[in-house]
S.K.: 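Below you'll find the structure I mean.
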Amino acid sequence: MASDAQVIFDNTERFTEIGYAISYYRKKKMLSQEQLAEKVGISRQHMGAIEAPNMNRGLSMDLFLNIAQVLGIEPYLLLKFPPEP
């Protein structure tokens with residue numbers, strides 16, 4: 001029996017974790033926000049908003065995959081944060 005109840009999605013925590021992961025791998029690759037932003041074709045301000053824990057800026061799948069490619073990591077690593085030792 002189908003329910004007519006509306007599902008409320010809140011991905012705030014996931015976007016925060018993705019931002020932390022991007023920041024972690026960016027720093028590990030010794031790139032500034034500006035350098036990474038330039039390589040993926042966005043502004044430094046946009047990159048800063050993606051990484052900022054209080055902004056919870058969503059990002060397109062294209063941008064997500066491009067960031068992973070520039071960082072030289074598999075995209076799933078940005079979803080599986082913090083990294084396992």
S.K.: Would you give the length of the straight line joining atom NZ of K39 to atom CD of E34, rounded to the nearest 0.5 angstrom?
M.R.: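 One gets 12.0 Å once the value is rounded to the nearest 0.5 Å.
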S.K.: What's the separation between atom CE in M47 and atom OG in S23, rounded to the nearest 0.5 Å?
M.R.: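 Interatomic distance, M47 CE to S23 OG, rounded to 0.5 Å: 10.0 Å.
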S.K.: Other than F9, what residues sit in its cluster of Ile, Leu, Val, Met, Phe, Trp and Tyr side chains whose heavy atoms are under 4.5 Å apart, directly or through others?
M.R.: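 Direct or chained contacts put F9 with V7.
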S.K.: Let me check something: do L77 and I50 share a hydrophobic cluster, defined by ILVMFWY side-chain heavy atoms less than 4.5 Å apart, either directly or through other members?
M.R.: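 Linked within one cluster.
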S.K.: L79 and V40: same hydrophobic cluster, using ILVMFWY side-chain contacts below 4.5 Å?
M.R.: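 Yes, same cluster.
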S.K.: Measure the spacing between CD of Q33 and NE2 of H46 and express it to the nearest 0.5 Å.
M.R.: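 Between Q33 CD and H46 NE2, I get 11.5 Å after rounding to 0.5 Å.
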S.K.: Would a 4.5 Å heavy-atom cut-off, applied to side chains only, mark L59 and I18 as touching?
M.R.: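 Counting from C-beta outward, L59 and I18 do come under 4.5 Å.
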S.K.: Ignoring hydrogens and geometry, is there a side-chain-to-backbone donor-acceptor pair from T16 to T12 under 3.5 Å?
M.R.: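 Present.
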S.K.: Using ring-ring contact (aromatic ring centres under 6.0 Å, His included) as the criterion, list what pairs up with F15, not counting sequence neighbours.
M.R.: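 Checked F15 against ring-ring contact (aromatic ring centres under 6.0 Å, His included); zero matches.
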S.K.: Check salt bridge (Lys or Arg N to Asp or Glu O under 4.0 Å) between E17 and all other residues, then give those that pass, not counting sequence neighbours.
M.R.: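 So E17 forms no salt bridge (Lys or Arg N to Asp or Glu O under 4.0 Å) with any residue.
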S.K.: Side chain to side chain donor-acceptor pair (under 3.5 Å) with S32: which residues, sequence neighbours excluded?
M.R.: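 Testing S32 for side chain to side chain donor-acceptor pair (under 3.5 Å), a comparison that skips the adjacent residues, returns Q35.
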S.K.: Under the side-chain contact (heavy atoms from CB on, under 4.5 Å) test, which residues partner E38, sequence neighbours left out?
M.R.: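 Counting only residues at least two positions away or on another chain, E38 forms no side-chain contact (heavy atoms from CB on, under 4.5 Å).
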S.K.: Do any pairs count as a salt bridge (Lys or Arg N to Asp or Glu O under 4.0 Å) and have a residue in residues 44-54, sequence neighbours left out, and if so which ones?
M.R.: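 For residues 44-54: R26-E51.
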S.K.: Could you go through residues 62-76 and list every donor-acceptor pair under 3.5 Å that involves a side-chain atom there, pairing it with any protein atom two or more places apart or in another chain?
M.R.:
| from | atom 1 | to | atom 2 | distance (Å) |
| --- | --- | --- | --- | --- |
| N66 | ND2 | D62 | O | 3.3 |

